[in-house]
Undergrad: 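Below: one structure in structure tokens.
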Amino acid sequence: MAGTKTRVDLDGNTIKPITICMIGAGGFIGSHLCEKLMSETPHTVLAVDVYNDKIKHLLEPDSLPWAGRIQFHRLNIKNDSRLEGLIKCSDLTINLAAICTPADYNTRPLDTIYSNFIDALPVVKYCSENNKRLIHFSTCEVYGKTIGSYLPKDSPLRQDPAYYILKEDTSPCIFGSVEKQRWSYACAKQLIERLIYAEGAENGLEFTIVRPFNWIGPRMDFIPGIDGPSEGVPRVLACFSNNLLRREPLKLVDGGESQRTFIYIKDAIEAVLLMIENPARASGHIFNVGNPNNEVTVRQLAEMMTQVYSKVSGEDAIETPTVDVSSKEFYGEGYDDSDKRIPDMTIINKQLGWNPKTSLWDLLESTLTYQHRTYAEAIKQTIAKPSAN
Ligand SMILES: NC(=O)c1ccc[n+]([C@@H]2O[C@H](COP(=O)([O-])OP(=O)(O)OC[C@H]3O[C@@H](n4cnc5c(N)ncnc54)[C@H](O)[C@@H]3O)[C@@H](O)[C@H]2O)c1
Ligand SMILES: O=c1ccn([C@@H]2O[C@H](COP(=O)(O)OP(=O)(O)O[C@H]3OC[C@@H](O)[C@H](O)[C@H]3O)[C@@H](O)[C@H]2O)c(=O)[nH]1
């Protein structure tokens with residue numbers, strides 16, 4: 001059971017229980033991280049968020065084995081003076097809070113910039129002033145587009161990894177023009193990374209920056225009309241899950257040609273736990289966390305999700321499983337896209353010896369099994385409702 005046997009870090013030292021102030025703990029990544037910390041470690045979590053639906057199963061009932069090691073604090077970090085106190089009484093702060101769905105970047109650019117830069121400023125300041133360690137969640141989007149995307153379509157250099165592999169210490173950050181408001185998120189994340197790095201250099205802040213590459217799994221975002229707004233546009237996993245559950249074609253934005261590498265949330269959480277428990281190896285570093293072996297185009301993702309969903313639901317796929325849609329129609333003015341995202345793994349391998357394990361097929365199978373179990377019945381009922389009236 002957690003906390004009863006001695007746990008050691010990568011250098012063989014005993015790991016002491018710590019208190020973690022986790023901001024954004026009620027979100028997708030936060031919920032999985034809380035689960036891991038409760039079930040496998042003796043650490044205490046002060047879970048900060050405006051919502052707690054995704055961690056309710058960890059908070060109630062009081063008889064849970066980890067009761068007393070997790071406390072929920074409902075607060076908005078934009079305007080709550082309790083934040084500094086929570087950071088002060090913790091050993092480590094993990095900041096996950098952000099607006100991080102692409103549908104918001106070009107339609108709510110001010111909220112996006114405030115959330116990802118301005119609202120993170122007090123967190124960095126309180127950590128720095130109180131000599132507290134910070135693990136800050138940035139994004140793979142800080143790389144923007146690949147160098148290769150600017151080469152002629154038929155250039156053989158496009159096949160050369162030097163033109164597309166994304167490396168923390170050498171790759172440039174290439175964003176579109178200011179009118180392309182898609183980049184408001186990436187740019188805000190880049191500036192907060194630079195500020196944290198500067199706090200480290202000038203004031204000795206002990207920090208780690210995480211750049212997640214499309215982490216996916218259960219509890220990601222919401223299903224429109226079921227546990228989120230009917231008109232809401234979540235990230236691609238939830239969009240495609242929603243289409244599959246409703247037996248609608250999956251929408252391929254601009255032909256679904258963009259490429260992504262997807263990693264199973266449970267693999268990625270292992271990497272975060274190593275960062276938490278190996279501060280000497282993790283501090284001062286920026287880490288890509290992704291699975292370079294799971295690369296697909298968005299079209300291939302749609303095809304694979306359709307096949308996997310048929311398997312887990314026992315339903316045949318619909319006759320026309322996908323439909324093309326323009327980015328302007330789907331996201332509106334100012335959308336732009338990252339063409340390709342493959343993480344270089346050298347730094348995380350060297351510092352933490354970590355590697356992802358789960359194939360794309362396997363992670364989709366467990367995730368879509370969860371989506372089917374969680375939502376299929378509710379969707380059936382909402383579809384049945386109008387005809388019943
Ligand atoms: N999931 C991914 O693949 C991915 C990829 C790149 C970067 N990230 C980064 O990781 C972090 C977590 O992402 P996620 O996928 O869990 O997103 P999420 O939206 O599920 O979680 C973010 C949480 O932060 C909370 N939050 C936002 N603003 C807040 C505020 N002002 N006060 C209190 N709580 C607030 C939200 O309520 C939400 O629960 C984000 O910073 C995101 O940019 C995630
Ligand atoms: O229904 C859909 C939804 C999305 N897409 C496409 O699928 C791709 C992936 O879309 P996602 O919604 O997962 O978002 P992106 O990968 O572009 O960005 C994400 O990456 C890293 C994080 O910082 C954020 O969580 C988010 O910005 C994009 O090319 C998008 O245009 C579709 O083709 N159809």
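Numbers for residues simply follow the sequence, beginning at 1. Atoms within a ligand are numbered from 1 in the order they appear, just like the ligands themselves.
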Undergrad: If we only count N/O pairs under 3.5 Å, is Phe330 in contact with ligand 2?
TA: no

Undergrad: Under 4.0 Å, counting heavy atoms only: does Cys100 come that close to any atom of ligand 2?
TA: yes

Undergrad: May I ask you to list the atoms of ligand 1 that are less than 4.0 angstrom from any heavy atom of Gly26?
TA: 39 (O)

Undergrad: If you count the non-hydrogen atoms of other residues, nucleotides and ligands that lie under 6.0 Å from NZ in Lys251, is the total more than 12?
TA: no

Undergrad: Any N or O of Cys239 that comes nearer than 3.5 Å to an N or O of ligand 2?
TA: no

Undergrad: Does Asp227 pair with Lys54 as a salt bridge, N-O distance under 4.0 Å?
TA: no

Undergrad: Hey, does Tyr185 sit under 4.0 Å from ligand 1 if you only count heavy atoms?
TA: yes

Undergrad: Between ligand 1 and Phe213, is the shortest N or O to N or O distance under 3.5 Å?
TA: no

Undergrad: Tell me whether ligand 1 is touched by Ala25 - counting only heavy atoms on the residue side and a distance under 4.0 Å.
TA: no

Undergrad: Which heavy atom of the protein is the closest neighbour of atom 29 (O) of ligand 2, given with residue, atom name and distance?
TA: Asp337 OD2, 2.6 Å

Undergrad: Give me the residue, atom name and distance of the protein heavy atom closest to atom 4 (C) of ligand 2.
TA: Tyr331 OH, 3.3 Å

Undergrad: Test of understanding: given a 4.0 Å heavy-atom threshold, classify the contact between Asn214 and ligand 1 as side chain, backbone, both, or neither.
TA: backbone

Undergrad: Which residue and atom name correspond to the protein heavy atom nearest atom 34 (N) of ligand 2, and how close is it?
TA: Lys251 O, 2.7 Å

Undergrad: Say whether Thr139, considering both its backbone and side-chain N or O atoms, lies within less than 3.5 Å of an N or O atom on ligand 2.
TA: yes

Undergrad: For Lys189, is the nearest heavy atom under 4.0 Å from an atom of ligand 1?
TA: yes

Undergrad: Please work out whether any backbone atom (N, CA, C, O) or any side-chain heavy atom from C-beta onward of Leu75 is under 4.0 Å from ligand 1, and answer side chain, backbone, both or neither.
TA: backbone

Undergrad: Of the backbone atoms (N, CA, C, O) and the side-chain heavy atoms from C-beta on, which set of Arg211 has a member under 4.0 Å from an atom of ligand 1: side chain, backbone, both, or neither?
TA: neither

